[in-house]
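All remarks here apply to the structure that follows.
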Amino acid sequence: MSRSPGTVEAHIADDSATAHARRLTYWRGVLAQLDTIDPKTLSPETVTDWQVYRAQIASQIDDETFREFEKPVNGDSAFWSDLQGVARGNFANGERDYRSYLSWLGDIPRFFTQETDNMKAGLARGFTAPAVVMQGREKGVAEIADATDPTKVSYYEPFTKLPAGMPAATQEELRAAARKVIADQVIPAHRQLLAFLRQSYFPGLTKALGADKYPDGLAYYQSRIRVYTTTDMTPDAIHQLGLAEVAKIRAEMEKAKADAGFKGDLPAFLTFIRTDPQFHPTTGDQLLKEAAWHAKRFDGMASKWFGRLPRQRFAIIEVPPQIAPYYTSGRGGPGVYLVNTYDPQSRSLPQLPALTLHESAPGHAFQMPLAAENKALKPFRRNSYISAFGEGWALYCERLGDEMGFYRTPYERFGMLSYQMWRAARLVVDTGIHTKGWTREQAQQFLRDNTALPEREIVSEVDRYIGWPGQALSYYIGELTIQKLRAKAEKTLGPKFDIRHFHDTVLSLGSVPLPVLEARVDRFITEGGPSPYPED
């Protein structure tokens with residue numbers, strides 16, 4: 001039975017080792033059943049469903065086989081900070097959601113115990129994020145563990161904005177129950193977790209950086225390539241692709257530098273962009289306002305490039321302060337464009353237009369709602385997310401901004417190229433760290449030499465790649481695939497090619513493996529390039 005979008009779950013999923021073993025057995029059985037089906041007997045739409053579902057099951061099996069659940073924290077994210085997002089939900093079903101949330105809060109001690117057991121198992125076999133990327137990551141746990149007033153804990157926030165129409169007695173009952181469960185269960189669970197992190201987990205973290213140093217590490221890293229790129233490319237092939245793309249983009253950057261009238265060489269220009277005060281905001285508010293302005297500028301261009309627009313709007317908000325010091329510069333999704341205002345002088349204004357296209361519209365805050373709103377898709381496809389598609393699309397949007405005339409100055413265009421270079425460089429850096437023995441400093445220097453990223457972002461991004469093997473590969477490989485398919489469609493269809501129909505066709509799929517996208521665009525070409533929404 002489906003739940004309404006605003007419904008708050010009453011329990012946190014079972015994350016025990018026993019539950020994961022059951023899931024592995026189950027998914028293997030599902031895969032065996034799927035493989036008894038002959039795709040040639042299915043309609044084109046059902047073939048796509050089969051392909052997407054099979055890829056998702058195979059990804060689940062990879063995760064379970066390599067016991068990814070035993071490493072539930074890395075330099076980018078952690079299970080305890082992921083949980084706090086529930087407190088920012090919309091509680092659309094009123095009292096029912098608040099009572100479910102109270103039950104959910106009571107599940108935190110059980111969930112933390114399971115996660116602690118998982119971390120202990122990972123610790124025992126050297127399967128942890130490297131120590132160097134985990135410095136200070138317990139801050140969010142400590143803030144709650146040290147709390148003396150339950151109403152000051154982030155989990156209490158939903159009870160500060162109960163519906164005005166809710167009876168006063170019910171409101172007080174809910175608030176009293178929230179104070180009790182936070183004081184008696186949530187805070188003690190965080191104290192126990194904090195003690196484990198400080199006394200056992202952090203001191204025992206692996207010192208090695210590369211995923212190839214894990215048990216069966218090369219096979220594990222290859223599984224990450226499958227999960228995040230939906231391809232079977234080898235690390236060496238990805239590394240060489242990255243080096244070739246870096247060289248191409250470097251030539252584009254040289255031209256953009258000349259267009260800006262800069263007389264020095266490219267390293268000097270990179271330093272100029274990275275350090276000159278004119279290219280950095282002085283306050284977080286300035287950064288937020290600039291981001292909002294760029295997002296609004298796209299609204300005026302959207303109809304020329306897209307036939308169908310999402311109904312859902314998005315808010316532009318700050319990255320929460322407890323994670324901002326080591327979080328990325330921005331992140332987007334349904335209803336939200338997160339902008340990191342921590343240390344605003346370290347943020348780049350020339351790169352903000354490209355960041356906005358990637359994280360808001362027509363990137364993540366555009367693609368995901370379109371998928372969720374597409375009733376032609378099976379429910380399991382509306383809210384699924386496959387990194388190679390989603391990140392590839394968002395990065396494609398950055399480059400699309402060049403065609404749209406979105407970048408108004410040579411500096412903003414250079415900011416886009418720097419972001420393209422950053423993602424191409426990831427192919428080199430990620431494979432270098434995880435299969436070629438690269439050091440943290442070597443990876444940082446590669447980004448300094450080739451991008452205009454501010455120093456803070458260089459450090460945080462490299463730490464992200466160290467702690468999250470393979471994820472960084474999805475962006476550029478996905479973008480290259482979309483660009484290749486568009487070029488093929490343009491060449492084959494000639495004057496019949498309509499960019500709005502192409503974009504609508506790509507986005508009508510939801511989020512799919514790259515081979516599925518290729519097959520759909522081939523069908524788009526065969527059919528003559530029609531809109532996927534003939535009723536529009």
Side-chain angles (χ1 to χ4, degrees), residues 1-13 80-109 111 140 143-144 146-190 284-285 288-289 291-292 295-296 299 309-324 331-339 341 359-361 364-366 368-369 372-373 375 382-383:
M1 179 175 163
S2 63
R3 300 171 71 93
S4 59
T7 299
V8 175
E9 299 290 341
H11 299 285
I12 304 172
W80 57 80
S81 53
D82 291 344
L83 283 188
Q84 293 182 35
V86 176
R88 297 191 292 272
N90 60 13
F91 293 80
N93 295 296
E95 182 180 347
R96 184 177 67 176
D97 275 352
Y98 285 99
R99 293 197 183 279
S100 291
Y101 180 59
L102 288 170
S103 177
W104 183 91
L105 289 173
D107 244 4
I108 287 179
F111 180 69
E143 286 180 351
I144 295 177
D146 295 340
T148 56
D149 181 352
T151 67
K152 303 302 182 185
V153 171
S154 60
Y155 287 112
Y156 186 79
E157 184 178 347
F159 298 96
T160 65
K161 45 191 178 184
L162 293 169
M166 182 180 287
T170 303
Q171 291 194 32
E172 183 48 40
E173 178 197 348
L174 292 173
R175 290 191 180 110
R179 291 192 295 269
K180 181 172 175 56
V181 72
I182 291 172
D184 294 351
Q185 298 186 61
V186 175
I187 292 175
H190 281 77
D285 276 352
L288 290 168
K289 289 173 182 176
K296 197 61 186 171
D299 283 351
L309 307 179
R311 296 182 183 90
Q312 185 177 20
R313 304 295 85 196
F314 60 87
I316 299 175
I317 62 175
E318 296 174 281
V319 172
Q322 62 267 32
I323 60 173
R331 194 162 290 182
V336 66
Y337 169 23
L338 284 164
V339 177
T341 58
E359 304 294 353
S360 66
H364 292 316
F366 189 97
M368 292 185 195
E373 294 165 11
K375 297 300 186 281
R382 291 177 200 161
N383 295 299

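Given the structure is predicted, the values throughout are model-derived calculations rather than measurements.
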Near-ring test F366/F314, centroid separation under 6.0 angstrom: no
N383 versus A372, closest heavy-atom pair with distance: OD1-CB, 3.6 Å
Any donor-acceptor pair under 3.5 Å from T170 side chain to M166 backbone: no
Spatial distance of atom CG (L288) from atom CD (E318) [nearest 0.5 Å]: 5.0 Å
Atom of P109, atom of G106 and distance for their closest heavy-atom approach: CD-O, 3.4 Å
Closest approach of P369 to P310 (non-hydrogen atoms, all atoms of both residues): CB-CB, 3.9 Å
Any side-chain heavy-atom pair of Y155 and I144 under 4.5 Å: yes
Point-to-point distance, once rounded to the nearest 0.5 Å, from CD of E95 to OG of S100: 10.5 Å
Check: D107 side chain, H11 main-chain N or O, donor-acceptor pair, under 3.5 Å: no
Closest contact, heavy atoms only, Q171 versus P163: NE2-O, 3.3 Å
More than 12 heavy atoms from other groups under 6.0 Å of CZ on R313: yes
Spatial distance of atom CG (L105) from atom CG (D184) [nearest 0.5 Å]: 12.0 Å
Polar side-chain atom of R175 near backbone of F159 as donor-acceptor pair, under 3.5 Å: yes
Sub-4.5 Å side-chain heavy-atom contact between V319 and T341: no
Contact check, side chains of Y337 and I317, non-hydrogen atoms, under 4.5 Å: no
Over all atoms of both residues, closest heavy-atom pair of P158 and S154: CD-O, 4.2 Å
Interatomic spacing from OG1 in T151 to CZ in R179 - rounded to 0.5 Å: 8.0 Å
Donor-acceptor contact below 3.5 Å, side chain E373 vs main chain Q312: yes
4.5 Å side-chain heavy-atom contact, Y156 and V181: no
Contact check, side chains of L174 and L162, non-hydrogen atoms, under 4.5 Å: yes
Atom of I182, atom of P150 and distance for their closest heavy-atom approach: CG2-CB, 3.7 Å
Ring centres under 6.0 angstrom apart (Y98, Y101): no
E173/R99 ion pair, N-O < 4.0 Å: yes
Spacing of K375 atom NZ and R382 atom CZ [to the nearest 0.5 Å]: 5.5 Å
